[in-house]
Amino acid sequence: MTLPARAEVVVVGGGVVGVSTAFHLAEAGVDVLLLERDELGSGSTSKAAGGVRAQFSDPVNIELGQRSLRAFEDFARRPGGEIDLKQFGYLFLLSDPEDVAAFEDGVRLQNEFGVPSRMLTVAEACELSPYAVPDGLLAAAFSPTDGHCTPEAVVQGYAQAARQHGAVIRRHCAVTGIEVAGGQITAVRTEHGSVATSTVVCAAGAWSAEVGGFVGVELPVRPLRRQILVTEPVPDLPPRLPFTIDFATSFYFHDEGPGLLIGMSDPDEEYGFNLSTDDRWLGRLSEAVARRAPRLAEVGVAHGWAGLYEITPDHNALVGEADGPGRFLYATGFSGHGFLQGPAIGEVLRDLVLGRSPVVDVSALDVRRFAAAEIRPEHNCV
């Protein structure tokens with residue numbers, strides 16, 4: 001494998017955040033090298049459920065989600081490629097009075113940013129998502145421009161366009177260290193040799209803590225397994241089924257070809273890089289399905305997989321530039337929101353690298369918030 005002798009910027013990680021960053025930097029004329037230890041998108045991105053939304057409780061996440069949605073809508077033109085975007089909406093089913101109040105506050109805030117979300121009655125929600133039953137529900141929140149698309153297609157679209165703009169992408173090239181001299185980054189070491197650089201962007205997802213450790217920057221990111229199932233074909237699948245989430249249990253589903261993609265968090269899951277699948281979570285999932293969408297209880301499972309969330313203490317991302325050694329930037333810890341925020345984060349990192357005011361003010365996501373005990377909890381997590 002041949003590596004360039006030097007690069008202005010080295011991006012570590014070839015998921016959606018990394019390739020989006022590489023594209024936006026290369027488009028701006030920056031000499032960028034992206035290093036991925038496996039295949040592009042083979043980490044959390046390829047295991048994502050593909051949801052894209054702007055329904056969040058934190059203003060920064062709303063802005064990042066909204067800006068990314070616009071980029072997904074325009075993806076065929078820039079950077080180019082078909083991503084199978086389906087904007088059938090996100091529907092949050094609410095059965096807890098405190099959640100109803102929180103989502104009402106969230107909708108008001110989202111509307112201020114131009115997000116067309118609104119609260120629905122239980123009847124309206126069940127009409128939109130006919131598999132859901134009203135038992136125990138109090139209300140719902142819905143935004144019609146949310147939806148889902150294909151993560152692998154997004155990664156390949158950004159990667160291809162980044163190359164067209166001059167970026168160099170090397171797969172199967174693990175980063176093994178970062179060299180520092182006089183408080184400045186001088187090179188990135190890989191298993192295939194070193195590349196001289198002064199700027200590193202860490203977009204390594206669940207593996208970011210290790211990359212930060214190369215330069216003494218603590219990135220409090222821990223991997224947590226999430227499992228997903230895809231069902232066999234479902235007869236009479238509604239043509240515009242929204243991404244439906246039973247918020248109290250986190251059970252969710254959306255259309256996936258002729259079947260449904262189904263997922264749910266497991267509160268008993270322990271942190272770690274476990275990517276095997278097992279049946280331990282199926283009992284809790286079956287209970288949630290039987291209670292909220294009983295018609296789906298008899299649908300067979302075609303296949304499934306496991307992926308990693310990259311969790312931070314407050315379930316909000318880490319985005320910024322470290323105090324030192326200069327220049328080490330990071331975008332990680334998205335806690336399940338990385339795919340949907342990838343387009344906007346690539347723009348933000350481009351701006352930070354170039355010393356511009358970023359398109360979205362992400363200063364609140366700086367990792368130093370934890371040292372100051374200034375956590376920013378995101379309520380609308382799935």
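Bear in mind that the values here come from a model prediction, so they are computed numbers and not experimental data. In this chain, numbering begins with 1 at the start of the sequence shown. The figures that follow rest on heavy atoms only: side chains count, while hydrogens, waters and symmetry mates do not.
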Student: Minimum heavy-atom separation for Gln341 to Asn61, with atom names?
Tutor: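 So the two residues come closest at NE2-OD1, 3.1 Å.
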Student: In terms of heavy-atom contacts, does CG of Asp236 have more than 12 from other residues, nucleotides or ligands at under 6.0 Å?
Tutor: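 No - once you tally the heavy atoms of other residues, nucleotides and ligands closer than 6.0 Å, there are 12 at most.
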Student: Regarding Gln55 and Asp146, is there a side-chain donor-to-acceptor distance under 3.5 Å anywhere?
Tutor: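 Yes, Asp146 and Gln55 have a side-chain donor paired with an acceptor closer than 3.5 Å.
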Student: Set out, in order, the CA-CA distance, both residues' side-chain angles and the distance that settles side chain to side chain contact (heavy atoms under 4.5 Å, CB included) for Leu365 and Leu64, then state yes or no.
Tutor: CA-CA 12 Å; Leu365 300 180; Leu64 291 170; 4.2 Å; yes
Student: Can we call the ring centroids of Phe247 and Phe103 under 6.0 Å apart?
Tutor: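 That pair passes the under 6.0 Å test.
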Student: Within 45 degrees of the axis of the six-membered ring of Phe88 and under 6.0 Å from its centre: does Arg240 put its NZ or CZ there?
Tutor: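 No, Arg240 does not lie over the aromatic ring of Phe88.
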Student: Does Arg292 use its side chain to pair, donor to acceptor, with the backbone of Val133 at less than 3.5 Å?
Tutor: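 Yes, the answer is positive, given that a donor and an acceptor are paired below the 3.5 Å cut-off.
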Student: Which pair of non-hydrogen atoms, one from Asn274 and one from Leu308, has the smallest distance, and what is that distance?
Tutor: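 Between these two residues, the closest heavy atoms are O-CD2, 4.0 Å.
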Student: Is a salt bridge present between Arg284 and Asp266, judged by a nitrogen-to-oxygen distance below 4.0 Å?
Tutor: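 Asp266 and Arg284: salt-bridged.
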Student: Below 4.0 angstrom, N of the basic side chain to O of the carboxylate: do Asp314 and Arg369 qualify?
Tutor: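 Yes, charged N to carboxylate O under 4.0 Å.
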Student: For the residue pair Arg77 and Phe75, would you count it as a cation-pi contact if the rule is NZ or CZ under 6.0 angstrom from the ring centre and within 45 degrees of the ring axis?
Tutor: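 No - Arg77 does not lie over the ring of Phe75 by the 6.0 Å and 45° rule.
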Student: Is the distance from the ring center of Phe92 to that of Phe142 below 6.0 Å?
Tutor: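 Ring centroids of Phe92 and Phe142 are no less than 6.0 Å from each other.
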Student: We want to know whether Asp246 and Thr249 form a side-chain donor-acceptor pair, criterion being a heavy-atom distance below 3.5 angstrom.
Tutor: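 Yes, Thr249 and Asp246 have a side-chain donor paired with an acceptor closer than 3.5 Å.
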Student: Do Arg295 and Tyr131 form a cation-pi contact, if we require the NZ or CZ to be under 6.0 Å from the six-membered ring centre and within 45 degrees of the ring's axis?
Tutor: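 Because its charged atom misses either the 6.0 Å distance or the 45° angle limit, Arg295 does not stack over Tyr131.
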Student: Check step by step if side chain to side chain contact (heavy atoms under 4.5 Å, CB included) holds for Val230 and Trp305.
Tutor: CA-CA 9 Å; Val230 176; Trp305 66 82; 3.6 Å; yes
Student: Is the side chain of Ser250 donor-acceptor paired with the backbone N or O of Met264 at a distance under 3.5 Å, no angle test?
Tutor: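 Between the backbone of Met264 and the side chain of Ser250 there is no qualifying donor-acceptor contact (under 3.5 Å).
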Student: With salt bridge (charged side-chain N to carboxylate O under 4.0 Å, His left out) as the criterion, how do Arg356 and Asp351 come out once you've worked through the C-alpha distance, each side chain's angles and the decisive distance to 0.1 Å?
Tutor: CA-CA 5 Å; Arg356 305 174 182 168; Asp351 294 343; 3.4 Å; yes
Student: Of all heavy-atom pairs between Pro267 and Ser265, which one has the smallest distance, and what is that distance?
Tutor: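 In this case the closest contact between Pro267 and Ser265 is CD-O, 3.8 Å.
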Student: Any salt bridge linking Glu270 with Arg225? Criterion: basic side-chain nitrogen under 4.0 Å from a carboxylate oxygen.
Tutor: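 Arg225 and Glu270: not salt-bridged.
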Student: Hydrogens and angles aside, do Ser143 and Ser117 bring a side-chain donor and acceptor to less than 3.5 Å of each other?
Tutor: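 Absent: no donor and acceptor within the cut-off.
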Student: Just checking, is any N or O donor in the side chain of Asp278 or Gln227 under 3.5 Å from an acceptor N or O on the other one?
Tutor: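 On atom types as modelled, these side chains qualify, holding a pair under 3.5 Å.
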Student: Has Glu378 got a side-chain atom pairing as donor or acceptor with Ser57's backbone, closer than 3.5 angstrom?
Tutor: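 Flag set: sc Glu378 to bb Ser57 pair under 3.5 Å.
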Student: Could you walk me through whether Leu318 and Phe334 pass side chain to side chain contact (heavy atoms under 4.5 Å, CB included), step by step?
Tutor: CA-CA 7 Å; Leu318 310 175; Phe334 289 91; over 6 Å; no
Student: Does the pair Asp38 and Arg171 meet the rule for a side chain to side chain contact (heavy atoms under 4.5 Å, CB included), with working shown?
Tutor: CA-CA 6 Å; Asp38 198 345; Arg171 300 167 299 139; over 6 Å; no
Student: Under a plain distance cut-off of 3.5 Å, with no hydrogens placed, do Ser335 and Glu310 share a side-chain donor-acceptor pair?
Tutor: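 No - no donor-acceptor pair under 3.5 Å links their side chains.
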Student: Does the ring of Trp207 carry Arg37 above it, NZ/CZ under 6.0 angstrom from centre and within 45° of its axis?
Tutor: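 So Arg37 does make the cation-pi contact.
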Student: Can you see whether Glu39 engages His172 through a side-chain donor-acceptor pair at a distance of less than 3.5 angstrom?
Tutor: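 The criterion, which ignores hydrogens and geometry beyond distance, is satisfied for His172 and Glu39.
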Student: Is it the case that the side chain of Glu256 and the backbone of Leu261 share a donor-acceptor pair, with hydrogens and angles ignored and the cut-off at 3.5 Å?
Tutor: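 Absent.
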Student: Is the distance between the ring centroids of Tyr90 and His148 under 6.0 Å?
Tutor: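 No, the ring of Tyr90 stays outside the 6.0 Å limit from the ring of His148, centre to centre.
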Student: Is a salt bridge present between Glu36 and Arg170, judged by a nitrogen-to-oxygen distance below 4.0 Å?
Tutor: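 Looking at Arg170 together with Glu36, the answer is no, because their closest N to O distance does not fall below 4.0 Å.
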